Undergrad: 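So that we are looking at the same thing, I have put the structure below in structure tokens.
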Amino acid sequence: MSCPLPAGFHALPLPIVQLSLAAVLKCGQSFRWSIFPLSSGTLPPSYPTHEYRLCLRDRLICLRQSPDTLYYKTVLPPRSTHTSSINDGETVKEETLAWIRDYFQLDVDLVYLYSDWSKRDPVFRTFRNRFEGIRMIRQDPWENLVSFICSSNNNISRITKMVTSLCEHFSPPLLSLPPPELYPELLASSLVSPPATPLSEPSLLRSSQQENIPQDDSLWTYHPFPSPAALASSSVASTLRSLGFGYRAEYVQKTAQMLHEAHPPNSKNVDGAEKWLKTLRSMPTDEAREVLLGFMGVGRKVADCVLLMSLDKKEVVPVDTHVYQIAMKHYGVSPSSKTKSKGKIPMTPKIYDQVNTKLAEVWGDYAGWAHSVLFTADLKSFSTYGLDAPEKMPTRSPSELLVGLPTPPMTPSPSPVKTSGKRKKSAVPVQGASGILDREISIDGGLQVDLGLSLAERVKKRRRVSTSR
DNA sequence: GGGTTACCGGGG
DNA sequence: CCCGGTAACC
């Protein structure tokens with residue numbers, strides 16, 4: 001009933017209602033996953049349709065998903081001797097599995113949450129079945145912060161390009177890898193069950209397709225997310241400008257500088273700032289928000305996104321223009337006492353709090369998670385199933401492919417650096433990309449903010465502004 | 001002080 | 001002209 005185990009992968013039993021990679025990895029939480037279609041046609045229902053790849057500091061994570069199983073594979077850089085212990089395959093596997101459990105927060109029962117939200121909210125009830133498996137992922141705060149500084153007045157497609165560009169230009173490549181192998185036409189075109197003798201061996205797959213489909217022998221090069229130190233120098237701003245970051249260029253560089261200066265890396269601790277950001281997880285929501293608001297380019301909305309998506313503040317509901325529209329349409333939030341006759345109603349801090357509070361009490365403890373389901377449902381790339389159900393087909397862009405629909409040729413999104421064969425694109429050198437797997441770190445006493453002048457002033461200044469409520 | 005405005009750059 | 005906003009300015 002299930003498909004053969006893909007070569008090199010391990011299997012983790014996991015119902016799709018608990019996690020839908022296709023939805024979660026494209027709904028604008030993380031912007032750094034590469035997505036490869038596994039077939040140019042239609043596969044049997046039990047087969048994974050895509051491979052998803054994410055470059056961590058020391059390894060590449062590769063995932064596939066069938067209706068009842070999550071498949072995972074770890075790729076280490078060549079001659080990697082970083083893990084002081086032997087590169088025991090079993091150890092690597094366990095580390096990656098632990099990372100998966102943490103990243104996808106698999107201890108949280110999404111099915112229970114869905115039923116609770118349905119109980120609380122008739123609006124949620126109406127579309128819950130069309131959007132299963134949408135959960136909050138637990139991201140790295142530094143990457144998350146920078147990504148969402150880039151998100152202001154912007155769209156997912158461009159944010160993805162910017163984040164990709166950021167990694168390619170400010171972080172050395174970790175490793176290169178060919179794209180996943182396509183399933184053979186024979187299997188792909190079969191609308192029924194797989195052939196009696198499943199072509200599961202890579203060698204078979206290859207030989208059967210080599211005639212028809214030109215084998216893509218080019219390599220994809222993967223870069224980890226750059227450190228604060230790599231983005232801290234003032235020259236970075238102009239480089240980012242030239243890379244098309246617009247006015248966000250200064251925001252990113254300034255924020256990196258603030259963090260880098262307040263928590264400089266030392267021999268003992270190569271990324272002090274990144275670890276310090278993680279300590280905000282143990283801080284009360286309001287305090288952590290005040291800290292975030294101190295960074296350049298971070299307003300209420302971006303701060304709330306970081307709180308929810310990387311600092312464990314599951315109750316926080318970020319309010320963007322989409323959510324605002326939804327709140328007015330479905331949750332009885334009224335625009336403003338004095339309605340401007342102009343068609344567009346501006347988002348004010350007051351409105352923000354109004355929507356935020358309303359949705360938080362409708363959805364309860366995990367309100368932020370529910371918001372994510374709603375937001376995903378409203379995304380244009382999912383709109384055929386969305387809140388305003390069937391009407392316009394979304395304009396298909398390579399980065400916004402609908403799950404399960406026939407997919408265009410191998411054009412993963414977001415794209416890592418693609419190199420043909422031998423030469424690799426080089427990147428700005430940065431301190432060693434060694435280090436360990438991203439994971440929970442212990443809190444070392446630096447909770448009191450030794451933020452340095454500029455940041456300290458900023459925090460104070462912003463605090464005055466933001467305490468209206 | 002809460003409400004406007006300019007702001008990079010890409011896409012419809 | 002719109003956009004998953006923010007900083008600066010009245």
Side-chain angles (χ1 to χ4, degrees), chain A residues 26-31 144-166 237-255 258 289 292-309 316-327 335-340 342-356 359 368 371-383 386-387 392-400 454 457-459 461-469:
Chain A
K26 293 199 294 190
C27 71
Q29 293 188 51
S30 170
F31 302 93
N144 192 218
L145 176 62
V146 173
S147 298
F148 278 83
I149 285 175
C150 293
S151 79
S152 77
N153 208 345
N154 208 346
N155 56 66
I156 291 182
S157 165
R158 183 150 82 115
I159 299 165
T160 300
K161 290 188 186 113
M162 288 164 64
V163 170
T164 301
S165 172
L166 196 62
S238 53
T239 304
L240 290 178
R241 277 275 176 179
S242 71
L243 290 175
F245 276 58
Y247 56 78
R248 304 162 197 86
E250 286 76 21
Y251 294 164
V252 170
Q253 183 269 321
K254 285 279 175 38
T255 292
M258 292 164 83
R289 182 186 289 116
L292 293 174
L293 288 174
F295 296 111
M296 195 62 63
V298 178
R300 177 69 194 272
K301 192 268 176 177
V302 170
D304 280 356
C305 282
V306 176
L307 288 173
L308 172 65
M309 309 201 295
V316 172
V317 180
V319 181
D320 52 44
T321 52
H322 280 233
V323 173
Y324 178 35
Q325 298 303 322
I326 294 171
S336 158
S337 51
K338 37 168 56 181
T339 305
K340 289 296 176 66
K342 286 169 72 174
K344 182 175 162 232
I345 303 110
M347 167 69 75
T348 67
K350 187 177 296 183
I351 295 288
Y352 190 107
D353 273 333
Q354 205 175 316
V355 175
N356 181 283
L359 294 180
H371 142 276
S372 182
V373 179
L374 193 85
F375 179 83
T376 302
D378 196 54
L379 271 186
K380 282 200 178 56
S381 37
F382 295 88
S383 64
L387 297 180
K392 60 221 169 171
M393 266 301 275
T395 51
R396 304 265 292 288
S397 78
S399 59
E400 294 183 330
S454 55
E457 284 175 4
R458 230 186 122 61
V459 169
K461 171 182 165 192
R462 297 295 296 274
R463 178 165 287 145
R464 284 199 299 271
V465 178
S466 56
T467 42
S468 59
R469 94 167 245 179

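Computed from a predicted model, the values in this text were never measured in an experiment. In the text below, chain A, chain B and the rest are named by the order of the sequence lines, each starting its count at 1.
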Undergrad: Applying a 3.5 Å limit to both distances, which nucleotide forms a Watson-Crick or G-U wobble pair with B:dC8?
TA: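 Partner of B:dC8: none.
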Undergrad: Quick check for you: to the nearest 0.5 Å, what is the distance between A:Thr160 atom OG1 and A:Asn154 atom CG?
TA: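 Here the rounded value is 9.5 Å.
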Undergrad: I want to verify a distance call: between C:dG5, B:dG3, B:dC8, whose nearest atom is closest to the A:Asp320 side chain?
TA: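 Within the option list, the nearest is C:dG5.
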Undergrad: Looking at every strand, decide which applies to A:Cys27 at a 4.0 Å heavy-atom threshold: base, sugar-phosphate, or nothing.
TA: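 Counting heavy atoms under 4.0 Å across all strands, the contact made by A:Cys27 includes a base.
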Undergrad: Please state the P separation for the pair C:dC9 and B:dC8 - nearest whole angstrom.
TA: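 Looking at atom P only, C:dC9 and B:dC8 are 14 Å apart.
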Undergrad: If I take atom NZ in residue A:Lys301 and atom C1' in nucleotide C:dA7, what distance separates them, rounded to the nearest angstrom?
TA: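 Atom-to-atom, A:Lys301 to C:dA7, this comes out as 17 Å.
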Undergrad: Between atom CZ in A:Phe245 and atom C1' in B:dG10, what is the gap in whole Å?
TA: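 Value for this atom pair: 14 Å.
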Undergrad: Report the distance from atom CG of A:Leu359 to atom CD of A:Gln354, rounding to the nearest 0.5 Å.
TA: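 Here the interatomic distance stands at 10.5 Å.
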Undergrad: Is there a donor-acceptor pair closer than 3.5 Å between any side-chain N or O of A:Ser242 and the backbone N or O of A:Thr239?
TA: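 Yes; judged by distance alone, with no hydrogens or angles, the pair exists.
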Undergrad: Considering only atom P, compute the distance from C:dC1 to B:dA6 and round it to an integer number of Å.
TA: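 Straight-line distance between the two P atoms is 13 Å.
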Undergrad: Hey, is the side chain of A:Tyr352 pairing donor to acceptor with the base of C:dG5 inside 3.5 Å?
TA: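 Absent.
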Undergrad: OP1 or OP2 of C:dT6 less than 4.0 angstrom from a side-chain nitrogen or oxygen of A:Lys254, does that happen here?
TA: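 No, because none of the side-chain N or O atoms of A:Lys254 sits under 4.0 Å from OP1 or OP2 of C:dT6.
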Undergrad: Starting from C1' on B:dC8, measure out to NZ on A:Lys161 and report it in whole angstrom.
TA: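 Spelled out: NZ on A:Lys161 to C1' on B:dC8 is 15 Å.
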Undergrad: Say you draw a straight line from CG of A:Asn153 to CZ of A:Arg158; how long is it, rounded to the nearest 0.5 Å?
TA: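 Those atoms lie 9.0 Å apart.
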Undergrad: Compare side-chain N and O positions of A:Arg158 against OP1 and OP2 of B:dG11 and report whether any pair is under 4.0 Å apart.
TA: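 Looking at the OP1 and OP2 atoms of B:dG11, neither is under 4.0 Å from any side-chain N or O of A:Arg158.
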Undergrad: Write down the distance between CG (A:Asp353) and C1' (B:dG2), rounded to a whole number of angstrom.
TA: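 To the nearest whole Å, that distance equals 13 Å.
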Undergrad: Base, sugar-phosphate or nothing for A:Arg241? Non-hydrogen atoms, less than 4.0 Å.
TA: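 Sugar-phosphate only.
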Undergrad: In this structure, how many angstroms lie between the C1' atom of C:dA7 and the CD atom of A:Glu250, rounded?
TA: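 In whole Å, C:dA7 C1' lies 12 Å from A:Glu250 CD.
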Undergrad: Could you tell me whether the side chain of A:Ile149 reaches within less than 4.5 Å of the side chain of A:Val298, counting heavy atoms only?
TA: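 Side-chain contact under 4.5 Å: yes.
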Undergrad: Could you tell me whether A:Gly28 contacts a base, only the sugar-phosphate backbone, or nothing, with contacts defined as non-hydrogen atoms closer than 4.0 Å?
TA: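 Contact class for A:Gly28: base.
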Undergrad: Verify, without hydrogens or angle tests, whether A:Arg300 (side chain) and A:Pro349 (backbone) share a donor-acceptor contact under 3.5 angstrom.
TA: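 No, A:Arg300 side chain to A:Pro349 backbone: no donor-acceptor pair under 3.5 Å.
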Undergrad: Nearest nucleotide by nearest heavy atom, which residue falls closer to the 5' end of DNA chain C, A:Gln29 or A:Tyr251?
TA: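 Per heavy-atom nearest nucleotide, the more 5' residue is A:Gln29.
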Undergrad: Measure from CG on A:Asp304 to P on C:dG5 and round the result to the nearest Å.
TA: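 Result: 13 Å.
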Undergrad: Could you tell me whether the phosphate oxygens of C:dG5, OP1 or OP2, come under 4.0 Å of any side-chain nitrogen or oxygen in A:Thr321?
TA: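 True: A:Thr321 side-chain N/O within range (under 4.0 Å) of C:dG5 OP1/OP2.
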Undergrad: Could you check how far CG of A:Asn154 sits from P of B:dG9, rounded to whole Å?
TA: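 Rounding to the nearest Å, CG of A:Asn154 and P of B:dG9 are 12 Å apart.
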Undergrad: Could you tell me whether A:Val302 contacts a base, only the sugar-phosphate backbone, or nothing, with contacts defined as non-hydrogen atoms closer than 4.0 Å?
TA: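 Sugar-phosphate contact only.
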Undergrad: Could you state the atom-to-atom distance from NZ of A:Lys350 to C1' of B:dT4 in whole Å?
TA: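 Answer to the nearest Å: 15 Å.
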